[in-house]
Amino acid sequence: MKKYILTYIILVFAYTAIQAQNNEWKHNQIKFSPLRTLNSYAPGLELSYQRNYGRFASQITGAYVTDVFGIDVRENIRGYRYGFEQKYFIVPKRVRMAKIMNAFFSVGFNYDDLHQDISSLTFVPIKNGERDYENSYITDCILLNKWLSVNIRYGMEFHFKNLILEWGAGIGVSNKNNQYLNKKNPTDERDSRGYEGFIPFLFIENEGKYTTINIPVSLKVGYSF
């Protein structure tokens, strides 16, 4: 699936380069996402570059994942997040209103590659298909999150000369692969008794492969040129 997504991105940017030659509007945007610094599962510093052409725009995003403000929702989290989004603007840019604001629909892809150091977790060996609580043990470990998501969004861009403000929200699906390292045995499971943690259906710290609903919400500020 990843190779098809990469091929799609390359074709879109090739088309962008051709169409942008006839576009009288400013082609480029650099944006920063302040909400990413407060994100509960993958906080960090996120920048985006957007290329406009006609009623379409292509946006690539990169983020360095780290607990920026020391909120410790996910302590010792680190990693990277990559994204691509294809936008379609509802109002033609020749319309006067579009010079100030414009709404869009988009399809986006995101990939998260996250590492979290977790101390003093309890694991339970599995024997004959059942948990052997008598031989449970405590160890420090690393949680790996590798997530691929596809989202459909609706949003708006507001233009104040060169200043850009963008917000958007939508829905999608996320394919999650979570793995704990440093266990004594690969089949050992985390002892979840009394664990309150995150909302269960998000499957952030549950080991295994899951498909979940994704609800992206974003706010970006930036500069056009």
I would like to know whether K184 and Y137 meet side-chain contact (heavy atoms from CB on, under 4.5 Å); could you show each step before the answer? CA-CA 9 Å; K184 290 182 179 180; Y137 59 93; 3.5 Å; yes
Write down the atom of Y41, the atom of L114, and the distance for their closest heavy-atom approach. O-CD1, 4.1 Å
Minimum side-chain heavy-atom gap L47-K31 below 4.5 Å: no
Separation between CD1 of I171 and CD1 of I215, rounded to the nearest 0.5 Å: 5.5 Å
Would you please indicate if the ring centroids of Y88 and F104 are separated by under 6.0 Å? no
Evaluate the criterion ring pair (Phe, Tyr, Trp, His ring centres under 6.0 Å) for residue pair F105 and F89; output intermediate values, then yes/no. CA-CA 7 Å; F105 288 103; F89 289 96; over 10 Å; no
Shared hydrophobic cluster for M101 and I90 (ILVMFWY, side-chain gaps under 4.5 Å): yes
Checking salt bridge (charged side-chain N to carboxylate O under 4.0 Å, His left out) for the pair E207/R190: CA distance, chi angles, key distance, verdict? CA-CA 8 Å; E207 190 167 23; R190 179 175 177 176; over 6 Å; no
Over 60° means perpendicular and under 30° means parallel, so tell me whether F84 and F109 are parallel, tilted or perpendicular. parallel
Does one side chain, of K87 or Q50, offer a donor that lies under 3.5 Å from an acceptor on the other? yes
Kindly give the cluster partners of L144, where membership spreads through any ILVMFWY side chain lying under 4.5 Å from a current member. I142, L181
d(H27 NE2, N52 CG) to nearest 0.5 Å is 9.0 Å
State, with a plain yes or no, whether a side-chain heavy atom of T66 is found less than 4.5 Å away from one of Y64. yes
Distance from N76 atom CG to D140 atom CG, nearest 0.5 Å? 10.5 Å
Euclidean distance, L143 CG relative to E205 CD, rounded to 0.5 Å: 6.0 Å
Walk me through whether W147 and N214 qualify under side chain to side chain donor-acceptor pair (under 3.5 Å). CA-CA 11 Å; W147 303 336; N214 196 38; over 6 Å; no
Answer whether the closest heavy-atom distance between the side chains of E166 and H159 falls below 4.5 Å. no
Check for a donor-acceptor pair, side chain of R131 on one end and backbone N or O of E189 on the other, with a separation under 3.5 Å. no
For a quick test of reading the model, state the closest non-hydrogen atom pair linking D188 to P125 and the distance between them. OD1-CA, 3.3 Å
Considering all heavy atoms of both residues, which atom of D113 and which atom of K146 are nearest to each other, and what is their separation? OD1-NZ, 2.9 Å
Of all heavy-atom pairs between M156 and Y154, which one has the smallest distance, and what is that distance? CG-OH, 4.2 Å
Does the side chain of L148 reach to within under 4.5 Å of the side chain of S174, using non-hydrogen atoms? no
Considering non-hydrogen atoms only, spot the tightest contact between Q86 and S58 and give its length. OE1-OG, 2.8 Å
Are any non-hydrogen side-chain atoms of F123 and C141 less than 4.5 angstrom apart? yes
Taking the side chain as everything from C-beta on, heavy atoms only, tell me whether V107 gets closer than 4.5 Å to E85. no
Any chance you could measure N178, atom CG, to N145, atom CG, to the nearest 0.5 Å? 4.5 Å
Flag the pair D117 and R78 as a salt bridge only when some basic side-chain nitrogen lies within less than 4.0 angstrom of an acidic carboxylate oxygen. yes
Residues R36 and L45: closest non-hydrogen pair is CG-N, 4.4 Å
Roughly how far, to the nearest 0.5 Å, is OG of S40 from CD1 of I204? 5.5 Å
Are E157 and L165 close enough, and set up right, to give a side-chain contact (heavy atoms from CB on, under 4.5 Å), and what steps lead you there? CA-CA 6 Å; E157 284 188 7; L165 176 65; over 6 Å; no
Taking atom types as modelled and ignoring hydrogens, do the side chains of Y82 and N110 form a donor-acceptor contact shorter than 3.5 angstrom? no
Could you list the donor-acceptor pairs under 3.5 angstrom formed between side-chain atoms of residues 216-225 and any protein atom two or more places apart in sequence or on another chain?
| from | atom 1 | to | atom 2 | distance (Å) |
| --- | --- | --- | --- | --- |
| S218 | OG | R153 | NH1 | 2.5 |
| K220 | NZ | S48 | OG | 3.0 |
| S224 | OG | N162 | O | 3.3 |

Is E46 close to R81 at the side-chain level, that is, under 4.5 Å between some pair of heavy atoms? yes
Indicate if F158 and L163 have the same hydrophobic cluster label, given that clusters are the connected sets of ILVMFWY residues with side-chain heavy-atom separations under 4.5 angstrom. yes
When you look at CZ of F32, are more than 12 heavy atoms from neighbouring residues, nucleotides or ligands closer to it than 6.0 Å? yes
Would you say the side chain of F56 lies within less than 4.5 Å of the side chain of R51, judging by non-hydrogen atoms? no
Other residues, nucleotides, ligands: >12 heavy atoms within 6.0 Å of L38 CG: yes
